[in-house]
Amino acid sequence: MNKYTEDDLREELKTKEYEYGFYTDIESDTFPIGLNEEIVKAISLKKEEPEWMTEWRLEAFKAWKEMTEPEWANVHYAKPDFQAIAYYSAPKSVDPNKTLDDVDPDLLEMYKKLGISVDEQKKMNNVAMDIVVDSVSVATTFKKTLGEKGIIFMPISEAIKEHPELVRKYLGTIVPQKDNFYAALNSAVFSDGSFCYIPKGVRCPMELSTYFRINQGGTGQFERTLLIADEDSYVSYLEGCTAPSRDENQLHAAVVELIALDGAEIKYSTVQNWYPGNAEGKGGVYNFVTKRGLCEKNAKISWTQVETGSAVTWKYPSCILKGDNSVGEFYSIAVTNNYQQADTGTKMIHLGKNTKSTIISKGISAGKSQNSYRGLVKISANADNARNFSQCDSLLMGNDCGAHTFPYIEVKNKSAQIEHEATTSKIGEDQIFYCNQRGIETEKAIALIVNGFSKDVLNKLPMEFAIEAQKLLEISLEGSVG
Amino acid sequence: MLKINNLHASVDDKAILKGINLVVNPGEVHAIMGPNGSGKSTLASVIAGKEEYEVTEGEILLFDENIDELAAEERAHKGVFLSFQYPVEIPGVSVTNFIKTAINETRKAQGLEDMPAKDMLKLIREKSEMLEIDRKFLSRSLNEGFSGGEKKRNEIFQMAMLEPKLAILDETDSGLDIDALRIVANGVNKLKSKDNAVIIITHYQRLLDYIVPDFVHVLHDGKIVKSGGKELAHELEEKGYDWIKQEVVT
């Protein structure tokens, strides 16, 4: 791991603006705006997909046309005009058959700005990485090393062609096409994303990572991730997201499906830093994401997320605990500043016996932002001895922001044990003065307090991600005092 | 070291300090005593630079420099330390992490590099032994769930780590049982030197049995109304504060 000193941190903290807000001028191949059957077919054709896939998309599109955007979340925004978005944009110089060495130097330069130079990643971090820019997956490193273990890690567009049996068997089984408005939209128009399969009994030797980037203006990003951990396997998967600063609102509607077969364990970590809009609330990404995992017997899925970006977030990574003794975990830090709005949480659906779930949610609100936790814990009639522990903590900074908690609990089995704890606190002047008196200036004091507040979740992240996340928290909250 | 001239201060437009004069030289221990509401804690906060307090008249000089305009952390960097009467909790931040941050921020302000981890550990070990602090205590969240005694001991531990020039102990004896009081007092006594000074703010004479002051001042209604040697503390203990009040009136 790179040495990351306090000085580096301080240096970076000087950049108060959203630092991933650059736009790389790469020639791209963008479809005309608007959405209809022809566009859906054209995307499928462009990706050289088999017929079953085209049909699957069309089915989703048909369903989507009949659906309406959900309104129950505690967020307010101008509804996107779905006919004003381009549904496919790809950096032109990308040819899926090329190797990493052939990647457009401009693109590589962009990764460097993102701090994720592919070469370096390869050498140093033991992280295999797939990078999705706009809609197309650009480079997948470490393919060979993983191949030796039988691990498949590739853009989903390739997997559809190379491993159709796996994709066909699992795609849409956890998040069906008609699951919700955005999932249906995604199912119809997704153009890339990552696919991962870990064979029986294999412990993936490195962190797998996907980096998502919206580059082109006027486009939406609809990536699809499908991750299958076969029996008794283990994988830790990371995803990161950034976008350029734009005045318009860009739409990001992703779907992630996780399948943990008997005895498998999936650790899925996200650091989401989509452009949040400027200090007046103009621009920013609408992040409407459906993430869900299924646990078979003795399996475990652990979601960890650090959400600092996006103008509006609507996201509930969930676990269906189908198998007996399966375990679901959700660890979340959601930061909102300025005019950001987040409605995020989880669903833990207990179906099997002796299933266990843990929810730790830390919401930090500053500026004029609104931060909501929304979570469901459902214990079905057959889920004997199910257990859940939920803890939702909110930290407020200033007097103009809001923190809300909406816990839903449905219990149909008397043997269930459910605990819910919630706290709301404010960074107090007394805390700041105490730190000041010990020689710690106010911004540093806030960083210290916020990191302390988030510690339980930060600890769940892989080391290099934890440092990035900590840094992000500090950047997102800059200028929020005073 | 510290020179306070005709200091007036108010909070929310309410005057609390009404003309304080005080000179503290290196190597001295001063006790400031007085009844509740006389302005003792306000004086401590004003010296430390708490923002809510407005200095309306007079000045505070530290090493001949007027510190009125300095932020609290800048005063801390110059060697002012306040042991709080009610230390705040910071959940999730360990005692070790907190003191490490404080030391390195202070070093940064002085143009020094971060203290090497090895030296930091050595210092922590040394000072925690001196104050009979259990190592496990250092990994706990700052002041969270601490007993009154633990909180105060933690304040003195931080003082030991930061080695201030001027330490102000605000009601450090309140909430301490006799054993904790002795440990805390011993710690302060060991930290005393000819180069630093201590101001003890207290309601009772109890702590002064252990940390013997060179000067005792009595604060009443925002003014120092009587100053003397350590025997003044005993007199107050015997007679209470009423006779001072009467003396002031007449």
Side-chain angles (χ1 to χ4, degrees), chain A residues 3-11 13-14 331 333 360 362 364 391-397 421-460 466 469-470 473-474 481-482, chain B residues 44-45 47-53 70-95 97-110 113-115 117 140-144 151 154-155 157-159 161-162 164 167-168 170:
Chain A
K3 248 211 346 234
Y4 190 84
T5 64
E6 293 282 310
D7 284 321
D8 294 330
L9 179 64
R10 209 165 302 123
E11 201 50 44
L13 285 177
K14 285 182 188 153
Y331 301 105
I333 302 169
I360 311 275
K362 304 274 180 178
I364 301 157
Q391 187 183 332
C392 302
D393 297 327
S394 306
L395 187 67
L396 296 165
M397 298 169 67
E421 290 177 9
T423 66
T424 301
S425 51
K426 220 177 136 177
I427 294 189
E429 278 166 12
D430 285 350
Q431 280 177 317
I432 303 272
F433 177 61
Y434 188 86
C435 293
N436 289 161
Q437 207 299 309
R438 298 297 188 253
I440 303 167
E441 48 145 6
T442 302
E443 293 247 314
K444 183 85 193 172
I446 288 185
L448 195 69
I449 294 166
V450 166
N451 276 322
F453 174 77
S454 315
K455 200 179 74 178
D456 295 346
V457 176
L458 288 173
N459 284 346
K460 299 289 172 187
Q470 207 164 344
L473 290 184
E474 298 183 14
V481 219
Chain B
S45 296
I47 298 172
K50 193 167 186 177
E51 268 179 30
E52 293 95 289
Y53 295 91
L70 295 185
E73 65 269 24
E74 293 171 306
R75 299 183 194 201
H77 298 155
K78 290 186 184 298
V80 175
F81 179 91
L82 171 62
S83 169
F84 284 70
Q85 184 178 2
Y86 303 107
V88 301
E89 298 180 0
I90 305 185
V93 177
S94 68
V95 173
N97 186 16
F98 183 77
I99 195 64
K100 187 183 97 186
T101 308
I103 284 181
N104 284 334
E105 286 293 297
T106 301
R107 289 175 66 96
K108 185 179 79 176
Q110 292 158 349
E113 298 275 304
D114 280 1
M115 184 181 280
R140 285 169 63 187
S141 286
L142 191 74
N143 291 320
E144 203 181 24
K151 282 184 183 172
N154 180 30
E155 292 292 289
F157 169 68
Q158 293 182 43
M159 171 182 160
M161 291 291 291
L162 289 162
I168 306 163
D170 188 6

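Protein chains get the first letters and strands the later ones, always in sequence-line order, with residue 1 at the start of each. Excluded from the calculations below are hydrogen atoms, water molecules and symmetry mates; all remaining heavy atoms, backbone and side chain alike, are included.
Minimum heavy-atom separation, B:Ser45 to A:Phe433: O-CZ, 4.5 Å. When every heavy atom of A:Thr442 is checked against every heavy atom of B:Glu73, the shortest pair comes out as N-OE2, 4.5 Å. Annotation for B:Ala76 and A:Gly439: closest pair CB-N, 3.5 Å, computed over non-hydrogen atoms.
Both the backbone and the side chain of B:Leu82 have a heavy atom closer than 4.5 Å to some heavy atom of chain A. Heavy-atom distances place both the backbone and the side chain of A:Tyr434 under 4.5 Å from chain B. Residue B:Pro87 touches chain A through both its backbone and its side chain, counting heavy-atom pairs closer than 4.5 Å. Neither the backbone nor the side chain of B:Tyr86 comes within contact range of chain A; no heavy atoms are under 4.5 Å apart. In this structure, chain A has heavy atoms under 4.5 Å from both the backbone and the side chain of B:Ala48. When heavy atoms are compared at a cutoff of 4.5 Å, B:Ile99 does not approach chain A at all.
Among the candidates B:Ala72, B:Ser94, B:Pro164, the residue making the largest number of heavy-atom pairs closer than 4.5 Å to chain A is B:Ala72. Of all the listed residues (B:Arg75, B:Glu74, B:Glu155), the one sharing the greatest number of non-hydrogen pairs under 4.5 Å with chain A is B:Glu155. Listed options B:Val93, B:Val80, B:Leu162, B:Val88 were ranked by heavy-atom pairs under 4.5 angstrom with chain A; first place goes to B:Val88.
Considering CD of B:Glu89 and CD1 of A:Ile449, their distance stands at 12.5 Å, rounded to 0.5 Å. Rounding to the nearest 0.5 Å places CG of A:Leu448 at 6.0 Å from CD1 of B:Ile90. The CG atom of A:Asp430 sits 7.0 Å away from the CD atom of B:Glu52 when rounded to the nearest 0.5 Å. To the nearest 0.5 Å, atom CD of residue A:Gln437 and atom CD of residue B:Gln158 are 9.0 Å apart. In this structure, CZ in A:Arg438 is found 10.5 Å from CE in B:Met159, a value given to the nearest 0.5 Å.
Other residues, nucleotides and ligands contribute only 12 or fewer heavy atoms inside 6.0 Å of the NZ atom of B:Lys78. Under a cut-off of 6.0 angstrom, the local environment of CD in A:Glu429 is sparse, with at most 12 non-hydrogen atoms contributed by other residues, nucleotides or ligands.
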